[in-house]
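Let me begin by presenting the structure, written as structure tokens, before commenting on it.
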Protein chains: 2
Amino acid sequence: MSGEQVRTQGSRAGEIVGCAWDLARTVGIAGFSLRALAREVGIRQPSLYAHFESKHALYDAMFADGNRQLLARLDALVLPDDPRAALKVFMREFVAFALEDTARCYLIFQRPIPGFEPSTSAYGHAEQVMDRVVEVLRVAGIEDQDDIDCFIAMVAGLIHTQLSNEPGGDRWSRHLERLTDLYLDDIHRRSRAS
Amino acid sequence: MSGEQVRTQGSRAGEIVGCAWDLARTVGIAGFSLRALAREVGIRQPSLYAHFESKHALYDAMFADGNRQLLARLDALVLPDDPRAALKVFMREFVAFALEDTARCYLIFQRPIPGFEPSTSAYGHAEQVMDRVVEVLRVAGIEDQDDIDCFIAMVAGLIHTQLSNEPGGDRWSRHLERLTDLYLDDIHRRSRAS
DNA sequence: GTCTATACATCGATAGAC
DNA sequence: GTCTATCGATGTATAGAC
């Protein structure tokens, strides 16, 4: 239960990461300063360096934390037996997670911090998320790499367009189920034809 | 031919915008400073204020300029008579434009500058681009607002996923024609069914 | 682990001469 | 329109006491 990487809960470093998310939510992922973060935490700015050796290290912890949050949400789902229904429930949760926090979505899925690359340790969490996605897609019959790429691009497009043009709304994201059917039907049609 | 808004060609302000694009291409749209920009232009940093009253005003000029570039590219196309083929040629050019300059794509389509909102004048160019897109979609039979939204999200997803994961490649963007067929076939199938 | 104090760079923007 | 000089704020990061 208490491993080397589970520092997000309870510890001071975890509290700092939480405050960093709060700040990022209001001023953007790249728009908060360590001074403002320290103020939020209730300590002085240089004290942050007792927990993170640089701002990039903090971003790295946030990247890992965000992916861990998403993984927990996905693994907590109770999926229906029907693969198509399961895929819809799964992706609906995925999209909901992405839409509820723009800053988190950007850091995790787009990496808009110049010069920041997640460490291999943090990247492992992102790979776990991707493993879950690919597994649900596979069960639903999306196995070909091209089909996987197209489906993921479709979902990313709904998220991206929604966040860019109407954050908080559902004008684009509400088409997820309909487009999921469209892609699945096409794959099944093609597999029958061969 | 010479209007109040055509300052991108010839004038000093246009030269500055061009240098700003060059810089943005290497250090990101939000990553260049006015000092670096002035160095690129060959003047001193305060001299920039003789042409733009603030950095946001410069971003505004870049936003208008980028949309004008895109509009020129789209209007220069010779489209096939067949609406489906025309849509493919048109969107292929659109995607190519987006992929060839990440910084430009971000500024025009995603607005990643905190606090920057394009002026109504600059936004007019973006609306002209959107008008062209909607017209080509309409001719191809995509008229329902939901269908338009889905199609645009699909294209945005290809662009976004391509740029985020493999800039310079075509792993995702190469599926544009196939997905265009998928969407068009679905719309025609539904219209026959009604 | 937190503090005070500070170094050092860079930023956007302004004043005023030419 | 361009220059020199500079302002005031902010940024990350370090030194050293407690």
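A note on names: the letters A, B, ... follow the listed sequences, proteins ahead of strands, and every chain is numbered from 1.
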Salt bridge check, [Y] against [X]: does any charged N sit closer than 4.0 Å to a carboxylate O?
X: B:Asp147; Y: B:Arg190; result: yes
X: A:Glu15; Y: A:Arg12; result: yes
X: B:Arg25; Y: B:Asp22; result: yes

- Which residue, A:Gly31 or A:Glu53, contacts DNA chain D at a nucleotide closer to its 5' end, judged by nearest heavy atom?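 The residue mapped nearer the 5' terminus is A:Gly31.
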Measuring to OP1 and OP2 of [N], would you say a side-chain N or O of [X] lies under 4.0 angstrom away?
X: B:Ser33; N: C:dC11; value: yes
X: A:Ser47; N: C:dC3; value: yes
X: B:His56; N: C:dG12; value: no
X: B:Arg44; N: D:dT4; value: yes

Rounded to whole Å, please give me the gap between [atom1] in [X] and [atom2] in [N].
X: A:Phe52; N: D:dT14; atom1: CZ; atom2: P; answer: 16 Å
X: B:Arg35; N: D:dT4; atom1: CZ; atom2: C1'; answer: 13 Å
X: B:Glu15; N: D:dT2; atom1: CD; atom2: C1'; answer: 14 Å
X: B:Leu37; N: C:dA13; atom1: CG; atom2: P; answer: 12 Å
X: A:Lys55; N: C:dA9; atom1: NZ; atom2: C1'; answer: 15 Å
X: A:Ile113; N: D:dG11; atom1: CD1; atom2: C1'; answer: 14 Å
X: A:Leu48; N: D:dG11; atom1: CG; atom2: P; answer: 13 Å
X: A:Leu23; N: D:dG11; atom1: CG; atom2: C1'; answer: 15 Å

Minimum-distance nucleotide to [X] side chain [options: [options]]:
X: B:Ser54; options: C:dG1, C:dA13, D:dT12; answer: C:dA13
X: B:Ile43; options: D:dT12, D:dG1, D:dC3; answer: D:dC3
X: B:Leu34; options: D:dA13, D:dG1, C:dA13; answer: C:dA13
X: A:Pro46; options: D:dT12, D:dT6, C:dT4; answer: C:dT4

- Message: Distance criterion of 3.5 Å, no angle test: do you see the side chain of B:Arg12 paired donor-to-acceptor with the base of D:dG1?
- Response: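 Donor-acceptor pair under 3.5 Å: no.
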- Message: Please compare A:Ala50 and A:Gln45 by the position of their nearest nucleotide in DNA chain C and report the one closer to 5'.
- Response: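 In this pair, the answer is A:Ala50.
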- Query: Taking B:Asp149 as the fixed residue, which of A:Arg174, A:Arg171, A:Arg178 is the one that meets the salt bridge (Lys or Arg N to Asp or Glu O under 4.0 Å) rule?
  - Reply: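 Going through A:Arg174, A:Arg171, A:Arg178 one by one, the salt bridge (Lys or Arg N to Asp or Glu O under 4.0 Å) with B:Asp149 is satisfied by A:Arg171 alone.
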- Please find out if less than 6.0 Å separates the ring center of A:Phe97 from that of A:Phe109.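 No, the ring of A:Phe97 stays outside the 6.0 Å limit from the ring of A:Phe109, centre to centre.
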